[in-house]
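This report concerns only the one structure given below.
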Amino acid sequence: MPHDHHDHPHTLLPSDPALRVKALETILTRKGLVDPAALDAILETYENQVGPHLGAKVVARAWSEPDFLAELRQDASGAIASMGISGRQGEHVVVVENTPDVHNMVVCTLCSCYPWPLLGIPPAWYKSDAYRARAVREPRKVLAEFGVTLPESQKVRVWDSTAEVRYLVIPMRPAGTEGLGPMELADLVTRDSMIGTGVPRAPE
Amino acid sequence: MTKDHAPFDEPWQAQLFALTVALSEAGHFSWPDWTRAFGATLQLHGAARPLDGRDDYWNAWLVTLEGMLEHSGAAARDEAEAIRVLWERAYLSTPHGQPVRLDR
């Protein structure tokens with residue numbers, strides 16, 4: 001943020017919501033209701049560590065290992081935890097698999113429930129009223145806006161996430177990927193393909 | 001629908017998020033309770049005009065948390081406002097380049 005020392009003899013004043021957050025943080029830490037170290041750990045996790053690259057690893061493994069896919073179907077949270085991925089809002093993950101007959105798409109009509117440990121913090125569009133309202137009402141139109149056009153014969157199933165259940169879409173494995181290893185496969189798995197508003201990249 | 005790979009647009013949103021998660025983990029409220037309250041605020045705010053999922057969303061989040069903390073007594077509204085004013089004064093009275101502190 002560019003600023004001139006002479007124009008701003010004092011420190012730049014943060015925005016109103018920023019000051020209100022600081023006020024809450026001050027009160028809660030003074031009362032011992034939150035631990036500043038815990039806050040820092042949460043920030044570090046969500047700003048730098050978790051993200052769609054973790055979900056992509058899960059999908060790539062599901063594509064390559066039938067046993068792992070079977071585990072995911074049985075108990076997705078357990079299977080994911082066995083890969084060392086766990087954390088808040090990932091306790092009750094359910095995987096939904098795309099097939100030539102069914103395309104799955106995830107929304108949270110209440111607020112913005114999302115499998116954080118697998119995908120990180122949801123993108124702005126996932127949290128917007130436009131998506132939350134329209135995903136259920138006119139999913140094909142929404143998909144078209146994301147550049148996804150499905151054959152008429154493929155049904156669209158929309159899953160509404162809640163505080164209790166988070167969905168992860170397992171997209172269809174792209175054609176021509178038979179020889180690829182887990183890392184290369186994971187590179188094809190986009191965040192949107194795991195929400196159901198996209199499809200995986202095609203191999204080069 | 002582009003440029004949405006950064007998890008937060010502004011640092012206060014990240015702080016707010018962390019504060020809420022920390023409170024829930026410390027047992028102050030359950031996550032389902034949080035989502036119910038937050039969903040109600042979103043619905044209220046969204047009645048006037050569609051929310052964009054950015055500032056709108058985080059403002060609704062902040063209003064929800066302030067309301068829950070007021071309700072539980074953890075941070076009364078007048079107390080929060082008083083501390084906010086102290087922070088504002090601290091920023092305005094701290095020379096540029098110095099760390100801003102709240103001493104009172």
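Lettering of chains follows the sequences in order, A, B, ..., and the numbering in each one begins at 1.
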May I ask you to name which of A:Leu28, A:Thr45, A:Thr109 has the most heavy-atom pairs under 4.5 Å with chain B?
A:Leu28
Interface check, chain A: of B:Trp58, B:Trp61, B:Trp87, most non-hydrogen pairs under 4.5 Å belong to B:Trp87
Please classify the contact of B:Val21 with chain A as side chain, backbone, both or neither, using a heavy-atom distance under 4.5 Å.
both
Which region of B:Asp52, side chain (C-beta onward) or backbone (N, CA, C, O), has a non-hydrogen atom less than 4.5 Å from a non-hydrogen atom of chain A, or is it both or neither?
backbone
A:Ile27 to B:Ala80 - nearest heavy-atom pair and separation
CD1-CA, 3.5 Å
A:Arg20 bridged to B:Glu88 by N-O distance under 4.0 Å
no
Does any heavy atom of chain B fall under 4.5 Å from the side chain of A:Leu110, the backbone, both, or neither of them?
both
Go through it in stages, so that I can follow the logic: the residues are B:Glu79 and A:Lys31, the test is salt bridge (charged side-chain N to carboxylate O under 4.0 Å, His left out), and I'd like the CA-CA distance, side-chain angles, deciding distance and then a yes or no.
CA-CA 12 Å; B:Glu79 187 184 7; A:Lys31 290 187 178 173; 3.5 Å; yes
What residue in A:Pro17, A:Ala41, A:Cys108 has the most heavy-atom pairs under 4.5 Å with chain B?
A:Pro17
How many angstroms lie between atom CZ of A:Arg30 and atom CG of B:Leu102, to the nearest 0.5 angstrom?
5.0 Å
Under 4.5 Å from a heavy atom of chain B, the part of A:Val21 involved:
both
Can you list the residues that meet the salt bridge (Lys or Arg N to Asp or Glu O under 4.0 Å) rule with A:Asp129, with sequence neighbours excluded?
A:Arg132
Where does B:Ala26 contact chain A at under 4.5 Å (heavy atoms): side chain, backbone, both or neither?
side chain
Top contributor to chain A contacts, counting heavy-atom pairs under 4.5 Å, from B:Leu42, B:Val100, B:Leu51:
B:Leu51
Reported SG-to-CZ distance for the pair A:Cys111 and B:Arg36, which is rounded to 0.5 angstrom:
10.5 Å
Segment of B:Gln43 engaging chain A (4.5 angstrom heavy-atom cut-off)
neither
For the student: nearest non-hydrogen atoms of B:Phe17 and A:Ile121, plus distance:
CZ-CD1, 3.3 Å
Can you check whether B:Arg54's main-chain N or O pairs, donor with acceptor, with A:Lys127's side chain at less than 3.5 Å?
no
What residue in B:Gln98, B:His28, B:Glu25, B:Arg49 has the most heavy-atom pairs under 4.5 Å with chain A?
B:Glu25
Check A:Leu39 against B:Ala22 and note the closest heavy-atom contact, atom names and distance.
CD2-CB, 3.8 Å
CZ (B:Arg84) and CG (A:Leu24) are apart, to the nearest 0.5 Å, by 11.5 Å
Where do B:Phe38 and A:Ser112 land on the side-chain contact (heavy atoms from CB on, under 4.5 Å) test, with the steps shown first?
CA-CA 9 Å; B:Phe38 183 40; A:Ser112 52; 4.0 Å; yes
Could you pull out all donor-acceptor pairs under 3.5 Å where a side-chain atom in residues 49-58 of chain A meets a protein atom, sequence neighbours excluded?
unit_1: A:Gln49; atom_1: NE2; unit_2: A:Glu44; atom_2: OE2; d: 3.2
unit_1: A:His53; atom_1: NE2; unit_2: A:Gln49; atom_2: O; d: 3.2

Heavy-atom closest contact (B:Pro32 atom, A:Ala163 atom, distance)
CA-CB, 3.6 Å
Here's a test for you: under side chain to side chain contact (heavy atoms under 4.5 Å, CB included), which of A:Thr29, A:Ile42, A:Leu43, A:Val34 qualifies with B:Leu19?
A:Val34
Rounded to the nearest 0.5 angstrom, the OG1-CG distance for A:Thr26 and B:Leu86 is 9.0 Å
A:Leu19 vs B:Trp12, side-chain contact (heavy atoms from CB on, under 4.5 Å): CA-CA, chis, key distance, verdict:
CA-CA 8 Å; A:Leu19 287 170; B:Trp12 68 265; over 6 Å; no
